[in-house]
Each structure stands twice: as structure tokens, then as C-alpha cells.
Amino acid sequence: MKIEYQKEYAVTMRTISKGKYQFRQKYPDPLLSTPNKIVLKVATVVLTKKTSQAWQQARTILKNKIDAKMSVSRISSITLEQLKEHYFEYLDKQDKINKDSKYQSHYIYKSHINIFLKEKDVDPSTVIENLNTPYFKRYFDKMLETKSWSYTNVRRAALWNMFDFGLGYGYLNFNPLQNFRLRKLETPQSELDLNIEDKYLTDDEYHRLLAEFRKRGRNDYVDFIQFLYFMGLRVGEGGSLRTKDIVKVNGKYYANINGTLMKKHKSNSKRGQFKKKPGAKSDSSNRQVYLPPEAVEIYKRHDLGRKFLFVKKTTKNAIEANSVNKYLKRIAPYAGIDPDKLTSHIFRHTHVSKLAEQGVPLEMIKKRVGHSDSKITEEIYYHITGKARTDFEHQIDAFSKKSKFE
């Protein structure tokens with residue numbers, strides 16, 4: 001693939017010794033140059049004369065040398081480490097231009113690429129031409145032996161995006177992961193046997209859990225969890241709420257869900273700093289959610305003029321999913337609940353189950369929780385309504401039996 005360049009540098013000449021003249025011409029290095037930074041190299045040729053004919057001969061020789069350099073496919077020489085440097089520089093510039101849109105995913109991709117390059121079986125000086133689908137199949141199959149499929153897939157996505165960047169900017173002729181498909185793991189039988197009822201809490205489980213938080217003096221978590229439960233929010237949505245996101249319309253309160261909580265990962269940021277990333281998880285996730293009176297009470301208790309509505313009692317930092325999940329796992333045994341059942345999503349799922357019990361139509365539930373299409377929401381809904389139908393049929397049976405005329 002020939003790399004075109006706009007500027008042609010002048011040919012210069014210097015005397016090396018008597019009867020020897022070195023002709024030189026600069027050119028942009030096709031491997032190291034980027035659209036924003038030109039790295040110059042020098043092509044040379046030594047002739048025994050400096051006549052006009054020699055100058056013309058030198059120009060022809062130098063042009064052929066430079067054309068050969070510029071025509072060499074970059075994939076033949078660029079290494080993993082070199083491509084990483086170009087890709088990271090590109091991501092850093094993108095983050096400065098748009099500080100919110102993809103900063104979190106950029107940080108995660110950079111972390112995974114750095115981990116990949118530090119692994120003992122990976123040589124950062126490997127020329128990318130030597131990487132192919134079988135190489136990555138072996139790498140990811142080995143990774144799946146110790147890591148989850150979702151975690152491994154993030155590694156794949158990070159590398160795929162780096163190679164795609166290389167392809168788009170002319171560093172590569174092809175993406176070595178283009179035709180690679182990560183092997184799907186068989187779902188363990190234990191997961192297949194998992195009861196849908198493990199996806200949400202009963203009233204008793206919910207109250208036992210809150211009681212354990214309260215025993216430990218963590219009313220900050222009690223209020224936050226109740227707010228998620230009353231509203232059907234994701235943790236990131238609830239954690240990113242600010243006072244101005246709650247509005248009062250005709251005497252009723254509504255939450256404008258239009259973003260999610262994002263952790264700042266830059267080295268000069270203080271630990272625990274967070275920002276609100278504009279835009280919720282999907283288009284359907286951007287919505288306005290009604291606050292029942294109990295949620296309004298919680299909102300008013302926390303309307304204290306802080307950056308975020310809900311913060312930890314100990315650090316005053318925003319409450320994020322990771323801290324909620326860790327706390328849930330820690331106190332689950334004390335509440336008599338299987339720790340594997342508890343994640344921050346369970347309060348959202350429990351909200352769905354309670355609305356289904358009340359007979360709220362599925363489409364209205366989806367709209368409230370911000371799901372245009374969700375398998376788990378539908379599973380919970382149909383399970384709850386099916387159970388209610390069965391209970392109703394049993395009541396009919398009991399009624400009929402008592403009323404039977406002999």
C-alpha cells in the first residue's frame with residue numbers, strides 16, 4: 001500500500017571526501033508519522049560527481065528509494081508496542097475533544113491492552129504481520145480457562161478496536177481479529193437450573209437485607225437501595241442523580257434519567273472522583289420516572305446541595321455499583337440470603353416483580369425501567385403473572401369445591 005505525502009523536501013548535497021558527494025533528501029516516515037505528527041527520515045546516495053547530470057541522477061535514485069520506503073506495507077514492520085503508542089495517543093486526543101462520551105470505555109480498553117502486552121506469552125515487539133486468527137484463538141481459549149466470557153470479550157474488543165484504528169490510519173492492511181469469533185462457553189447446568197425467583201427478592205428478604213445495613217449504621221445505603229427499589233433504576237442511574245434532575249410537575253415529582261455515573265480514572269484525579277456521563281444506557285433508558293411518596297421523602301432527606309444526591313456516609317463520594325455489590329456479598333449471609341443471588345440489579349428486578357403483581361401491563365413496566373427489549377424483565381413478568389394466574393385458578397377450584405351441590 002503506497003502512502004502518499006503532500007510535501008516533497010529538497011535534495012541537498014555535502015562533500016564527504018575528495019571525489020565523494022552525499023546527496024540527501026528528507027521524507028516522512030510511513031511507520032511513525034501520523035496525521036498530526038510528521039516524523040522525518042533521510043534517504044542518501046553517494047556519487048563521485050556533483051555536476052548537473054549527477055544532481056539529476058541523485059534525484060532519480062533518491063526518488064526511487066523514498067518511493068520504495070513509502071510503498072512498503074506498514075504491516076510488515078509495525079509492532080504491537082508501536083501501534084499501541086499511536087492508538088493511545090489517538091484516544092487521549094479524543095478524550096480531550098469530547099470528555100464524556102467514551103472516556104470510560106477508552107480507559108478500560110487501554111487497561112486491557114496494557115495487560116495483554118505484559119503477559120509472559122506476549123512479546124510487545126512482535127510484528128503484527130505475524131499475528132493471525134489461530135494465534136488469537138489459542139490466546140483467548142487459554143484466557144477462558146481462568147476468566148469469564150464477558151471479561152475475555154472486553155479484551156477481544158479492546159484489541160479489535162486497536163487493530164481497526166491501525167487499519168483506518170494506514171498502519172495495517174488488515175485487522176487480524178476481523179474474522180475471529182470468541183468461543184461461546186456452555187452454560188453450566190447450575191445456571192440453567194437457576195430459578196427465576198432468584199432474580200428478585202421477596203418482601204421478607206428485602207426487609208432482612210435493609211435491616212442488616214441499618215444494624216451497621218449504613219442508612220446511606222438503606223436510602224439508596226430503597227430509592228432504586230421504588231424507582232426501578234440501575235445503580236449508575238441512581239448514583240448519577242443530582243438535585244436538578246428531580247422536577248416537580250403539577251404537584252408530583254419526577255426524575256429525569258439522562259445519564260449514568262462514571263468514575264474518573266486519570267492519574268491526577270483524587271481517589272473516588274466521579275462525574276455524570278450524559279446519556280443513559282440506551283435511547284429507551286433516557287426517560288422521566290415518577291417518584292412515589294416514599295421516594296420523595298428519601299429525595300428530600302438527601303437534597304443537601306451536594307454534587308450528587310446520594311453519597312457514602314464515610315467518604316462523601318458517590319455511591320457506585322462496585323461498592324454496592326461488595327457490601328451486598330458481605331452481609332448476605334447475615335440476612336440469610338445466598339450471596340450469589342445478590343447483585344445491584346436485584347432491586348430493579350424486584351421493582352419489576354412488584355409491578356407485575358399489581359397487574360401493570362408489561363409495556364408500561366418496560367417504559368418505566370427503560371427497557372425497550374429485555375429478556376429478564378419479560379421472564380420475571382411472565383413468571384409473576386403466571387403464578388398469580390395459578391393462584392387464582394386454585395382459588396376458583398376451592399370456591400367451586402365448597403359450593404358444589406350434592
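- Formation of a donor-acceptor pair under 3.5 Å by the W149 side chain with backbone atoms of R183 is found in this model.
- Side-chain N or O atoms of Q22 include none that pairs as donor or acceptor with a backbone N or O of M13 at under 3.5 Å.
- One N or O on the side chain of K313 and one on the backbone of G217 form a donor-acceptor pair closer than 3.5 Å.
- A salt bridge is absent between E363 and K367; no separation between the charged side-chain nitrogens and carboxylate oxygens falls under 4.0 Å.
- Between L47 and W55, the closest side-chain pair of non-hydrogen atoms is not below 4.5 Å.
- Using a 4.0 Å cut-off between charged nitrogen and carboxylate oxygen, R216 and E212 count as a salt-bridge pair.
- The only option from F163, Y87, Y90 that meets the ring pair (Phe, Tyr, Trp, His ring centres under 6.0 Å) definition with Y169 turns out to be Y90.
- The shortest side-chain heavy-atom distance between F88 and I113 falls under the 4.5 Å cut-off.
- If you look at Y229 and Y206, their ring centroids are closer than 6.0 Å.
- You'll find the side chain of K354 reaches within 4.5 Å of the side chain of D203, heavy atoms only.
- A distance of 8.0 Å separates CG of L309 from CG of L304, quoted to the nearest 0.5 Å.
- Residue D164 comes nearest to N175 through the heavy atom pair N-ND2, 3.6 Å, listed as atom of the first residue, atom of the second, then distance.
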With a 3.5 Å cut-off and sequence neighbours excluded, list the donor-acceptor pairs that the side chains of residues 334-342 form with protein atoms.
unit_1: D338; atom_1: OD1; unit_2: D340; atom_2: N; d: 3.0
unit_1: K341; atom_1: NZ; unit_2: Y200; atom_2: O; d: 3.4
unit_1: K341; atom_1: NZ; unit_2: E205; atom_2: OE1; d: 3.0
unit_1: K341; atom_1: NZ; unit_2: E205; atom_2: OE2; d: 3.1

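- The two residues I246 and L291 make their nearest non-hydrogen contact at CG2-CD2, 4.3 Å.
- Taking the side chain as every heavy atom from C-beta outward, I257 and L241 approach each other to under 4.5 Å.
- Using a cutoff of 4.0 Å between basic side-chain nitrogens and carboxylate oxygens, K110 and D92 are scored as salt-bridged.
- Here the CD1 atom belonging to I115 is positioned 5.0 Å from the CZ atom belonging to R155, to the nearest 0.5 angstrom.
- Judged by distance alone, the side chain of T350 and the main-chain N or O of L201 form a donor-acceptor pair under 3.5 Å.
- Side-chain contact check for L182 versus T152: some heavy-atom pair is nearer than 4.5 Å.
- Note that NZ of K326 is 15.0 Å distant from CD1 of I331, once rounded to the nearest 0.5 Å.
- In this structure V122 satisfies the side chain to side chain contact (heavy atoms under 4.5 Å, CB included) test together with L80, F116, L117, E119, Y135, Y139, sequence neighbours excluded.
- Taking OG1 of T79 as the reference point, atom CD of E81 lies at 6.5 Å (rounded to 0.5 Å).
- Not a single donor-acceptor pair under 3.5 Å links the side chain of H302 to the backbone N or O of F310.
- Using modelled atom types and a 3.5 Å distance limit, the side chains of H112 and R156 yield no donor-acceptor pair.
- Pairing each heavy atom of Y109 with each of A157, the nearest pair is OH-CB, 3.9 Å.
- Side-chain polar atoms of D204 and T202 form no donor-acceptor pair below 3.5 angstrom.
- Looking at F165 and L83, their side chains come closer than 4.5 Å, going by heavy atoms from C-beta outward.
- Considering every non-hydrogen atom in both V324 and S344, the closest pair reads CG1-CB, 4.0 Å.
- To the nearest 0.5 Å, atom CG of residue N256 and atom CG of residue N286 are 10.0 Å apart.
- Atom CZ of F136 sits about 13.0 Å away from atom CG of N179, to the nearest 0.5 Å.
- Using cut-offs of 30° and 60° on the angle between ring planes, the pair Y171 and H86 is parallel.
- Counting only distance, with no hydrogens or angles, the side chain of S17 and the backbone of K20 share no donor-acceptor pair below 3.5 Å.
- Summarising the geometry of I298 relative to Q226, their closest heavy-atom pair is CD1-CB, 3.7 Å, with the distance given to 0.1 Å.
- Closest heavy-atom contact between P28 and Y9: CD-CE1, 4.4 Å.
- Under the 3.5 Å distance criterion, the side-chain polar atoms of K252 are left unmatched by any main-chain donor or acceptor of Y290.
- In this structure a side-chain-to-backbone donor-acceptor pair under 3.5 Å is missing from R24 to T12.
- Every residue meeting the side chain to side chain contact (heavy atoms under 4.5 Å, CB included) condition with K312, not counting sequence neighbours, appears here in chain and number order: R218, D220, Y221, T314, T315, I319, E320, S323.
- In this structure a side-chain-to-backbone donor-acceptor pair under 3.5 Å is missing from R234 to H345.
- Using a cutoff of 4.0 Å between basic side-chain nitrogens and carboxylate oxygens, D303 and K300 are not scored as salt-bridged.
- Here the side chain of D245 pairs no donor or acceptor atom with the backbone of A255 at under 3.5 angstrom.
- Salt bridge annotation for E237-R287: present, with a cationic side-chain nitrogen under 4.0 angstrom from a carboxylate oxygen.
- Remark: aromatic rings of F227 and Y299 are distant, center separation not under 6.0 Å.
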